[in-house]
Amino acid sequence: MPHAEPWGAKVAGYMVTKGVAAGVMLWAAAAALLGWDDRAAVATGPAVIALVALAVTGVLLIADLKRPERFWFLFAKGRLRSWITAGAWVIMADAALVTLWGVAGLWGGSTWFVVLIGPTAVFSLLTAAYTALLLHQCRGRPMWADRPVLVLIARLVGEAVLGGGAVWGSYLALRANAVAFAWTPVIAAVLLAWLWRHDREYLRAAQAAPLS
C-alpha cells in the first residue's frame, strides 16, 4: 500500500550535519597530529563548528520522531542493540569530546591534544559511520541490507570528509582575511546542498524499492 516515506528530508539533513561535525573534527585531529599549533584553526574554530552542527543534528533527529516530546526515551528506555539508541549515545560522547577539544584550545597545553587526538578521531568516525549500521539493520531494504556494511560506511565517511573539509576550508579561508577567499562559504554551501540532495535521493531510492 502507498504510504509516506518514513525517512525523508530531515533525515537527509541530519546525515549532512553530523557529517560536517565529524569531518571538521577529523581534519582538525589530522592537523593537530601533524603538529599544526594554530589554536584557532585547529582547536577552537573546529570545535565551535562541530558543536553547532551536532546541535542542529539533534534538533533534526528529535523533529523526525513521531513523538518528539519522548526523545528522552532513547536514553531512559533505549536498547543498545538498536543503532538508533547507540547512535544517540555516540553523538553525546562525541559532543563531550569536542567540547574538551575546544577547552583545550583555549586553556590547555600541547599534552591535551596528544591525549584527545585519538578519542576525538575515533568518535568522529563513529558519528559519521553509525548510520551505515542503522541502515544495514533494515533487512527488508535490499539496497542497504544486501550490500556490505563497509560500502555504506565508506559512503558516509567520505561524505563527512568532503562536507567537513569544505566547511573547515571555508573557515580557514575567511580567517586569512583575503578578498580572494570571500566566495568560499558560497562554495561550501553549494556543496552541502548537493550532499543533502544526494542523500535525499539515496534514501528515496532505497525506500521506493518493494520490501523483500
Side-chain angles (χ1 to χ4, degrees), residues 13-62 71 74-75 80 83-134 153-177 181 184-185 187-189 191-192 195:
Y14 118 86
M15 290 171 68
V16 173
T17 56
K18 79 179 181 68
V20 168
V24 165
M25 293 311 300
L26 286 172
W27 282 102
L33 188 63
L34 293 173
W36 195 359
D37 59 359
D38 185 337
R39 292 296 179 87
V42 176
T44 53
V48 170
I49 294 170
L51 287 174
V52 170
L54 287 174
V56 176
T57 299
V59 170
L60 290 170
L61 281 173
I62 293 172
F71 76 92
L74 285 172
F75 309 105
L80 287 179
W83 274 102
I84 294 177
T85 302
W89 284 102
V90 164
I91 288 176
M92 286 187 62
D94 189 38
L97 285 167
V98 170
T99 301
L100 289 176
W101 185 274
V103 170
L106 288 173
W107 298 297
S110 58
T111 304
W112 273 84
F113 287 107
V114 174
V115 173
L116 289 171
I117 286 173
T120 301
V122 168
F123 273 88
S124 293
L125 282 171
L126 285 173
T127 296
Y130 84 82
T131 308
L133 299 166
L134 190 157
I153 289 174
R155 175 194 175 92
L156 292 172
V157 172
E159 287 188 8
V161 171
L162 183 61
V167 174
W168 187 54
S170 176
Y171 165 71
L172 295 179
L174 291 177
R175 286 190 70 241
N177 291 321
F181 296 130
T184 54
I187 299 298
L191 178 61
L192 294 182
L195 286 174

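What's counted below: heavy atoms across the whole structure, side chains too, no hydrogens, waters or symmetry copies.
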For residues 44-52, please give each side-chain donor-acceptor pair under 3.5 Å, one per line with the distance, not counting sequence neighbours.
none

List the atom pairs, with distances to 0.1 Å, where a side-chain N or O of residues 17-29 and a protein N or O form a donor-acceptor pair under 3.5 Å, not counting sequence neighbours.
| from | atom 1 | to | atom 2 | distance (Å) |
| --- | --- | --- | --- | --- |
| Thr17 | OG1 | Gly13 | O | 3.2 |
| Thr17 | OG1 | Tyr14 | O | 3.2 |
| Thr17 | OG1 | Thr57 | OG1 | 2.7 |
| Lys18 | NZ | Thr127 | O | 2.7 |
| Lys18 | NZ | Ala128 | O | 3.0 |
| Lys18 | NZ | Thr131 | OG1 | 3.0 |
| Trp27 | NE1 | Val161 | O | 3.0 |

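Here the closest heavy-atom approach between residue Val42 and residue Trp101 is recorded as O-NE1, 2.9 Å. Closest approach of Pro185 to Leu174, counting heavy atoms only: CG-CD1, 3.7 Å.
For the salt bridge (Lys or Arg N to Asp or Glu O under 4.0 Å) condition, the pairs that include at least one residue of residues 159-169, sequence neighbours left out, are Arg155-Glu159. Residue pairs meeting the side-chain hydrogen bond (donor to acceptor under 3.5 Å, both in side chains) criterion with at least one member in residues 114-125, sequence neighbours excluded, do not occur.
By the side-chain contact (heavy atoms from CB on, under 4.5 Å) test, Pro119 is found to be paired with Leu97, residues two or more places apart in sequence or in another chain being considered. Evaluation of the side-chain contact (heavy atoms from CB on, under 4.5 Å) rule for Ala41 yields Trp36, Asp38, Leu172, Arg175 as partners, not counting sequence neighbours. Not counting sequence neighbours, the partners of Leu162 by the side-chain contact (heavy atoms from CB on, under 4.5 Å) test are Leu191, Leu195. For the salt bridge (charged side-chain N to carboxylate O under 4.0 Å, His left out) test, no residue two or more places apart in sequence or in another chain qualifies with Asp37.
Here the straight-line distance linking atom CG of Leu133 with atom CD1 of Ile153 works out to 5.0 Å at 0.5 Å rounding. Atom CG of Asp94 and atom OG1 of Thr99 lie 9.5 Å apart (nearest 0.5 Å).
Residues Val98 and Phe123 fail the side-chain proximity criterion, which asks for heavy atoms closer than 4.5 Å.
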